[in-house]
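Here's the structure, in structure tokens; my notes come after.
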Protein chains: 2
Amino acid sequence: MIDFYVDRTGSVPAYAQLVQQVREALRLGLLRTGDKLPTVREVVTSCAVNAATVLKAYRELELSGLVEARQGAGTYISGTLGGSADPAAMDRLRGRLRTWVGDARQAGLEDDDMRALVTSVLAEPPGELSAEQRAAQAQAAREQQNPRSAGPR
Amino acid sequence: MIDFYVDRTGSVPAYAQLVQQVREALRLGLLRTGDKLPTVREVVTSCAVNAATVLKAYRELELSGLVEARQGAGTYISGTLGGSADPAAMDRLRGRLRTWVGDARQAGLEDDDMRALVTSVLAEPPGELSAEQRAAQAQAAREQQNPRSAGPR
DNA sequence: GCAATTGTTATGGTTAACTAGAACACTAGT
DNA sequence: ACTAGTGTTCTAGTTAACCATAACAATTGC
């Protein structure tokens, strides 16, 4: 059971935070089709928000086909998000990212610095790879297909 | 000269978008002390927002010590953000991240999937559970929630 | 059938973000 | 001194998010 966390100090609407947490959990595989979301009243008491706010979040999720609400029963996951990726590949990517984050922290970068870097790289137009980057990418792809035969790091 | 971009379709306040763009440019080294920001009226015409909105953004930046506004002259960068990291190290980290993003794309991940992964890794305290352990925990929680049925209906 | 639980709707009020238009105050260049 | 460009303030209005309360509707479990 996902448990929500709402931060009212910022300017991010509470309902948007709830929606985003469900979407993120779906992307990470922490929620699957059939899983039950907390009831509206549970979220109301645990997050100190209004029922209409929770309902707005759940309704937005339902409109995008991610959940299904049934009166008297509850709200259940009914869709997927991106999760078409192989869990094992996902896990390898997470491990490499964890290493990268560790190195970045050691270089003095704060979390926000890393987030800015990610935003910047994701915004770069794809397909402008240098030969060096292409080689590195090919090597990494080989390692991902055959994780046992670890090549030069 | 930075040029702002404001998206009014979402629920993110316009002034917050301006602030965030300046902070991000500072973190990436795209803006330095002494650089001039666009004038209030320039932003008003280029982004179709109100002068009060731009002023609110610039004021917030000034309160956090990042910029300095001088009447009749303009608004200038007067502070730094995190960017204490060595530019060369920054470049290396960017290159590695670019490779990682390429591999993630090849594995079928969308940009939002990667963002969720980054958020998740940044949120885990040093020495956190591995992805497999987290998945196992999520599965156990699901089974405890729905002991006999596999889903709704 | 009945009671408890759940999602849903309705009404009204509060607050903050944003917009609009105008005017003011300071500075730099001529 | 003058003009133009700059940041700044003011008043007023619109919109959206959120809260509070209550009632309604459908399902579940006994």
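Every chain is numbered from 1, with letters handed out A, B, ... down the list of sequences.
The 5' end of DNA chain D is approached more closely, in terms of each residue's nearest nucleotide, by B:Lys36 than by the other of B:Arg59 and B:Lys36. Comparing B:Ala16 and A:Glu42 by the nucleotide of DNA chain C that holds the closest heavy atom to each, the one mapping nearer the 5' end is A:Glu42. Across the interface with DNA chain C, nearest-nucleotide mapping of A:Asn50 and A:Ala69 shows A:Ala69 to be the residue nearer the 5′ end.
When heavy atoms are screened at a 4.0 angstrom cut-off, A:Ala48 is found touching the sugar-phosphate backbone but no base atom. Among the atoms of the strands shown, none is found under 4.0 Å from any heavy atom of A:Ser11. Here B:Ala14 lies in heavy-atom contact (under 4.0 Å) with sugar-phosphate atoms only. As judged by a 4.0 angstrom heavy-atom cut-off over every strand, B:Arg41 is placed among the base-contacting residues.
Nearest to the side-chain atoms of B:Glu62 among the listed nucleotides D:dC19, C:dT19, D:dT8 stands D:dT8. Side-chain proximity of A:Gln71 to C:dC18, C:dT9, C:dG7: nearest is C:dG7. Across C:dG7, D:dC18, D:dG7, the shortest atom-to-atom separation from the side chain of A:Tyr15 is found for D:dC18. With D:dC19, D:dG7, C:dT8 as the candidates, the nucleotide lying closest to the side chain of B:Val40 is D:dG7. Here the side chain of B:Thr75 is nearest to one of D:dC19, D:dG7, C:dG7, namely D:dG7.
We find that A:Arg92 and B:Asp103 are not joined by a salt bridge, their nearest charged nitrogen and carboxylate oxygen being 4.0 Å or further apart.
One interatomic measurement links the two molecules: CD of B:Glu68 to C1' of D:dT6, which rounds to 15 Å at whole-angstrom precision. Regarding B:Leu61, its CG atom lies at a distance of 13 Å from the P atom of D:dG7, rounded to whole Å. A:Leu37 has its CG atom 16 Å from the C1' atom of C:dT8, to the nearest Å. Put simply, OH on A:Tyr58 is 16 Å from P on C:dT9, counting in whole angstrom units. Rounded to whole Å, atom P of C:dC24 lies 18 Å from atom CG of B:Leu55. In this structure, B:Lys56 places its NZ atom 15 Å from P of D:dT8, rounding to the nearest Å. To the nearest angstrom, P of C:dT5 lies 18 Å from CZ of A:Arg70.
One axis for each end of the helix from C:dG1-D:dC30 to C:dT30-D:dA1, each built from five base pairs, and the angle between them comes to 30° at 10° resolution.
Look at A:Thr53 and you'll find a side-chain N or O under 4.0 angstrom from OP1 or OP2 of D:dC19. A sub-4.0 Å separation between OP1 or OP2 of D:dA17 and a side-chain N or O of A:Arg8 is absent.
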Please report the C-alpha distance between A:Arg27 and B:Arg115 in whole Å, then the side-chain angles of each, then the deciding distance to 0.1 Å, and finally whether the side-chain contact (heavy atoms from CB on, under 4.5 Å) criterion is met. CA-CA 10 Å; A:Arg27 290 194 178 278; B:Arg115 272 188 265 267; over 6 Å; no

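Residues B:Tyr58 and B:Val43 form a side-chain contact, since some pair of their non-hydrogen atoms from C-beta on lies under 4.5 Å apart. Between B:Leu66 and B:Arg23, some side-chain heavy-atom pair lies under the 4.5 Å cut-off.
Residues A:Val19 and A:Leu26 share a hydrophobic cluster, clusters being chains of Ile/Leu/Val/Met/Phe/Trp/Tyr side chains in contact below 4.5 Å.
When atom types are taken as modelled, the side chain of A:Asp113 and the backbone of A:Glu110 share a donor-acceptor pair closer than 3.5 angstrom.
When all heavy atoms of A:Asp3 and A:Gln21 are compared, the pair lying nearest together is O-OE1, 4.3 Å. Listed here is the closest heavy atom pair of B:Ile2 and B:Ala25: CD1-CB, 4.0 Å.
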